[in-house]
Amino acid sequence: MPSETITREQAVTMLDIQDLSVVIHRPGRQVAALSNVSFSVAPGEVVGLVGESGGGKSMVARAIVGMLPSGSHATGRVGFDGADVLRMDAADLARHRGSGAAICFQNPRGALSPTRTVGRQLIDRLVTHQDMKGDRAAETAKELFAAVGIRNPARRLEAYPHELSGGMAQRVMISLATGCAPGLLIADEPTTGLDVTLTREILRQFRHAADTDGRGVLLISHDLASIAEVCDRVVVLYAGTVVESGPAAKVLREPAHPYTRALLRSVPDVGGGRVVATAGGMPLMTAAPHDCPFAPRCAHATDDCRSTRPETTMLDGDWSLACFHPQETPLAEAIAADLTTAATEPGDVVLKIEDAHVVYRSRFGSGGHHALRGVSLELRAGETLGVVGESGCGKSTLAKLIMGLVEPSEGSVEVAGKGVRKQSRAERTRAQMVFQDPIGSLSPRRTVGDSIAEPLRAAKVPAKERAQRVEAALGRMELDPSILTRLPHELSGGQAQRIGIARALVGRPDLIVFDEPTSALDVTVQAQILDVIADVASDAGHGSVFISHDLATVRGFADRVVVLYLGRVVEEGPVDEVFDRPKHPYTRALLGSAPRLGETRTADVQLVKDLDEADAATGCALAARCPFVTDTCRSQEQTLQPYGETRAACWRVPELTALIEKS
Amino acid sequence: MRILRFVGRRLLQLIPVLLGVVVLTFLLVRVLPGDPIRSILGPNATEADADAARARFGLDQPMWKQFLDYLGGLFTGDFGTSIQSGAPVTGEMALRLGPTLELVVIAVTIAVLLAIWLGIWSARRADRFGDHTVRIFALFGNSIPEFWLGLVLILVGYAALGWFPAPSGRVDPDADLTPLTGADLVDALITGNGPAISSAAAHLVLPVLTLVIGVLAPLLRSVRASALEVLRSEAYAAAAAHGLPERTLLRGYLRRATLVRLPSLAALVFGTALGSTVLVEYVYSWQGFGQWALRGLLYRDYPVVQASVLIIAFAYVLVFLIADVVHAWLDPRVKI
Amino acid sequence: MAPPNISRRGLLQLGGSVALLMTTGACAAGSKDNPDSSASAGPAATTLRIAVSSYLSSWDQDFVGFDLTALMLFKNVYPYMIDYGVTKAGDSEILDTANITPTFAESFEPDSTQKIWTLKLRKGVMFPSGNEMKAADVKWSKDRAFAAQANVAGIYRTIGLTKPEQVIVKDDYTVEFHQEFPSALTKQIQAISLYVFDSVEAKKHATDADPWAKEWFAKNAPTGGYFNVTKATQGQEIELSANKAYPGTDGAKTPTIRLSVVPAAANQRLQLQAGDIDIALGITGQDLQDLKKVEGVKVLSAASNNQVMMTMSVTTAPFDDVNVRKALAFAVPYEQIIKNVYGGDARPVKSYVPLDMPGYAETGYPFTYDIEQAKAALAASGKTAVNSELVFEANNDEQQKIAVQVQAEAAKAGITLKLTPLDPATLGERRTQKSIPLQITTGQLWVNDVEYMLATFYVKGAALNYANLNNAELEEIYTKSHTTVEESARLQLWSQVQSILAAEVPAVMICQPNFNLPVREKVAGWVQPMDGLARLRYLSASA
Amino acid sequence: MAAIEMAPVVSSNRDGRFAKVLIYVGSGILVVAALAALLAPLLTRWGPTEIDPSGTLAAPGGEHLLGTDGNGMDVWSRVLHAARLDLGIAVLAVALAVVVGTLLGLLAGYLGGWVDDVLMRIVDIFQAFPTFILALAVSALLGGGFFNLVVTIAAVNAPAYARLVRAEVRTLREMQYIDAAKTSGASTIGIMWRHLLPNSLTPVRVIAPLNCGWAMLTLAGLSFLGLGVTVPTAEWGSMISLGTSDVVAGRWWTSVPPGLALLVCVLGFSLLGEGLQERADAKRR
């Protein structure tokens, strides 16, 4: 790479990747994972590395610690404090790993050894890299745990990874990485799977590491919006190439590369903007590209783009770009222009849940897990109901309850006017579901056509008509009929989810439940699927329930929204009302934590600790986490009360605004 | 204690299984063709003689009465009287159990340790020459019938090389071993009888080797696969990426995580080995439990068959219980 | 003796074998008298090691323990009052079943009615416990035998002893046996049955529930025989030591004998070759031929009265037709079996009467291997093909090989045989049911007389009449033979017997294999036991 | 710029290749064995139970490629013909065990509750039962023969499959596609047959070949104990055990060829199983 693209002073640079290319040779195939990647990280700096999966983000991280997969062929230079990681011998590499650069792995629970207490694992790092012994190591471990926000660190040191919640595990992972006292801290998708309230907290830890300890931080994420706040600079990867990099504020607000823009516009905005989908998917490179890899998906692509690879050019200061057609329109306007609202007339009641409780009994002995407590809902054809809440709040149980997959221990569920447990086989297909895991919800050894036709088979639709209807559903999903004979593992996530939606549609159901349908998908694909779902949900023939932990996705097309917390409905109402004027402190906290592009703000309500199911015993479910808790909250069960158009289960709603201002 | 409660609950669960085994065996031996009484009487015995003998063993009683008597006896630890020998089954069984357990326990222990060592070694060299060699050799060992392997080892180790004692006993009678448990090596160690220790150990080498070769492959395969899984796990990669030294990685991150799945397989191997040592016992003149049970079966010695099936079944389920406890101990994720 | 009927696997060595034809009434036997036993007199080495194929099931001869290893051991460790003498047969010494002499006893003689037999004990014969062997011991032992209602009690019935009251103690050293009727078999039967327990010692272990100390004797060896058991590891090894207190002249020559259990024949053979054992009791067939060539090993060999035959049930289809029986008799490859199974080490038989038995005539069995004649015989029965099963002892190599050879050849004559190896329990049961159409049997007649043979095999009610033969003429001859004493008259009867049997064809007489025993070269003094139970006291080892 | 091959922390990409070698070699062996079994009559002049009247234990060469055994039968012919029985019994027994075990496992795993409890206790009972005693009991009850041995060995193996499939089904029934099938109105039988069965067979496919090898060894063990096929039927285990004394005498040909045949075939199954296992492991990663 031409050296003029590097503008930072070499002296202050810690990590300096230059022209790094990685090709992985596997029997029968070859993957160009990275092509001519260059960027750098200085001490005290937080750099975001963003892009969708397959873009090569993790490969960069692996190259930095010298752990490329076998069969990898790396060229270029991974400079670290003057040395080249790619040329280090085993001993140097052993020194470099951990104390030079330490990775926080993507899936903290998977990355913690399951058979060793987390304390031991931390002490192992301290002993190795900080040369500590016995008591001092234990003491330091405790301090490190406390530093990442683990309460009761002494007890937690004795815990095994499986005993930790996701957020706790991520904190432990961070402490393990910092325990190595690295120059560079690499965080690989540190917030994936975490609830919004936690995401901010975790990201703040990295900012903290850069600010107070002067470490360089490389923050890897597919989600530009969430890391935007903490990054100094961002590097956008697409198909193994750096398409854009520069100061975070600039790149996020005025992205010049069409891909960066597509990425940003694919992220649903909690403020009400609807996503704009970009067709297609990321190509898998077999060799370093000779054209612009984004060209096939790019609206601005010209013949140049399709034949020549754009050079990386400097726009301004740090801002570099690899594109022939840099865009200059501000992004926000572009979004606003696309915003539409669908309104439909409500029809018959298709779902009626009355005071439903669900308890999962443990197999032995007494007790059990109370997943839903007194939930009541009603939904009409043509309506779309959004259900939001953190993981563990009972969202999925609600979906299962509607589908008749779990039985209410109390209360009743009626779909299309008939009790769920009393349905015949054909009647059961009146409600359909779109699942979280698109590929996992398709039977691995059944063809796509088979899977789609399943509800029709149950409804005893004759074979000929079945084929017609399957084809029609497929057409609506804009899929080619040739896909019918394929098996699930041959599908991409986006294709599989379209199949899932087609299956749900094919039987012309009265109700469709979307259970986190996009959470497993990449951002641009997510946008595509959200587009499809919005279209499907606007049908007048059926009602839709859209369940998501991501508030923003719900806002796009739901008519009403329900906020669940620990199995209870804490707030419900028209979507705009709930989002724009939240009543319940929990809803406020959720909305406050949701990332917003281009805005840096703090939530008006901050919950005081991580979600813990044990808190739900008596009184208000949120009592243990609510900053405004009183004794009344702790002792009195809260029920939904009307506040304007919405209803919320909190007696302090009227005084909340004042309380928040005071704090 | 949670673990005690777990063991207690599991022991309770064993009751229906063992009861099932008792009922099944009881019925089975009686449904089989063949008359146990005729096999102890001479050809000149009259029906009256046979009836007298039948009465002596309670075989003239109605079936349900026999069963209740037998069940009643079981609760007091009385397994009945052997039809062949006229001696209480409990005592005979105690004598026969020691030698077999000695053989199987030592062999399976060695096999497990060897499998752990070789399996991890092999996994760390995955797909290199050493790895392939070890695995192929283990598969070879696994593919030879034990009785044939036994004979070959005798031919080589005893007849040709003369390194090992004649396969006609378990300890040199001149070593004057005081029998306590029936397991010679254990007895020799307890009594501190030097010559007996070396003699018992020498007699153990070939039969143990035969069993070890026979059962190593599945254990090795399992350890290697688990070790590879650990080596390729994110957790291990994370530890390696944090630059932990080899020794810490091996001890703290690889070994225990690898062993997590081994106990239940080891239990299965133990159970199978216990049920099929009869072949090895036969070849090595090892007068153990298998020989005794099989002989009982061929002579339709009802109490012997019933007792031996029950004991093997009991040992089997017990070993699985132990395996589960060990598993729980190794794997903190297991709730018991 | 027969190649000890110990199977290859030792698991089945009893095998419902007919080896022990110790049964039922028949009159006295032909006589042979040269009682002088001249046991070899090499310098006795201290220890002989013998491999047997299985451990004895019990030490208690009264109650259970009917297996060959046990019976052999009993002969050597129980004090028997009388026993067979020894005689020469060709080069080798054999037990003389006709000459029964007192051993531990002083004398055993009948009165003139032949109904009251007086047993006089020697004075001063001591059990190892220090108790003297006295009449009370005999009485207790016989009471125990009656109480057991098993082995001895069963045999005693044949000589009119059924109640304990018939055994009367006269004084400390004299016991009288009052038979219900006189019998020529008394000595034979008593030779098998007159063993005594150390009753003083035994009573210590008796309880109310177990007055005969069954539990004790099931596990503890009796004392006071030619040998005492000094150590017994169950299932594995038995150590015998010569009983110094034996009052007679022909006590044990070897101070110590170790019997170790080696089930695998190949294993026994290896150990014999290596010199780790001196005598291998479990080796048969081809191995014997091989061992003849091995250095340091000799195979003791002698002609034997062991008969190998296939008994056909004359009451069970298809062998209820005499022509089918004849067809099979023609279809058996006699020479080939002798060659393939016995390595030529067996004598072909031309009569139902064993070779070496008075009355044997070459014409007694007019069948030779001839497939054409077999087909013709089958045709005569009106059939062209028959099916049956051939039963033999499971895990008996020899019988198995015979069965294989027979099956192959019989098939050529149109007789399809399904081979059915049976385990002892099943074999015993089916024999009791008398439902086996065709079975291989092997065995020795203890009394060298055709009358005894008839009584054992061919008359109605005979224990081993597996042919279910019920021939009026034979019954008549049998009855007549009881009172026929004159040699030529008897021979006349026997010739009739042979022609009747030749016409009836109750069995296929395969051959009379020779006796073979592989031993180390230093082993001397082997006496071939005509009852199949080795008398270890004659054995010695030249250094 | 210099190209650098990174030393991998753990190598993995050659896995697939070795698995392939294992699978090819294993199935190659089995194909050859199966061909030998099928073509046995064409490859020999002697029948497997035909007795050569000229004598027993003839050394290899001349009339008999591998000599004759103690009964005067041609060893080469017997080794070939035995493949039919050994492979046939092993494969059929395992197939039967798979069918029965899978059915039980499917029912127990999916229905759960008391069905699971009862079925699994029955499985426990059978699994705790010693192999050889179970084998003898089955053979004594059913009478001898090919079918009996198939049933015997199947009975010994079926419990393991029941467990395996049950465990798999218990995992699978939590899968989203099962929920999807339920909400699509599939019947219980439909779910078991169309969704659970095909997917739960994945581990079975790996275990079954290994198990076939083990079944052959069990068959040999049964024959050795006299519980297997009746003489003179050609079967490797029984040939080996009949020839053990011959080995001691230096007459290797009666038991070494069947021993090698058995070893090679078991090895074939083991290699195939090991290869499949490795491929499955590789796929899982």
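The chains referred to below are lettered A, B, ... by the order of the sequence lines, with proteins before strands, and numbering in each begins at 1.
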Applying ring pair (Phe, Tyr, Trp, His ring centres under 6.0 Å) to A/F80 and not counting sequence neighbours gives A/H96

Separation of [Y] [atom2] from [X] [atom1] (nearest 0.5 Å):
X: A/L405; Y: D/Q176; atom1: CG; atom2: CD; value: 10.5 Å
X: A/S451; Y: D/R194; atom1: OG; atom2: CZ; value: 8.0 Å
X: D/Y177; Y: A/E454; atom1: OH; atom2: CD; value: 12.0 Å

Identify which part of [X] has an atom lying under 4.5 Å from any heavy atom of chain D, answering side chain, backbone, both or neither.
X: A/L442; answer: backbone
X: A/Q432; answer: side chain
X: A/R446; answer: side chain
X: A/E427; answer: neither

Highest number of heavy-atom pairs under 4.5 Å with chain D among A/M433, A/K400, A/Q436 belongs to A/Q436

Taking every heavy-atom pair that is under 4.5 Å apart, which of A/G500, A/S441, A/A459 has the most such pairs with chain D? A/S441

So if I take each residue of residues 201-219 of chain D and look for any heavy atom under 4.5 Å from a heavy atom in chain A, which residues do I end up with? D/T202, D/R205

Within residues 502-512 of chain A, which residues come under 4.5 Å of chain D, heavy atom to heavy atom? A/R503

Heavy-atom pair of closest approach, residues [X] and [Y]:
X: A/R428; Y: D/A186; answer: NH1-O, 3.7 Å
X: D/G185; Y: A/A458; answer: O-CB, 3.3 Å
X: A/T429; Y: D/S184; answer: CG2-O, 3.4 Å

For A/R469, enumerate each residue passing the salt bridge (Lys or Arg N to Asp or Glu O under 4.0 Å) test, keeping only those at least two apart in sequence or located in another chain. A/E465

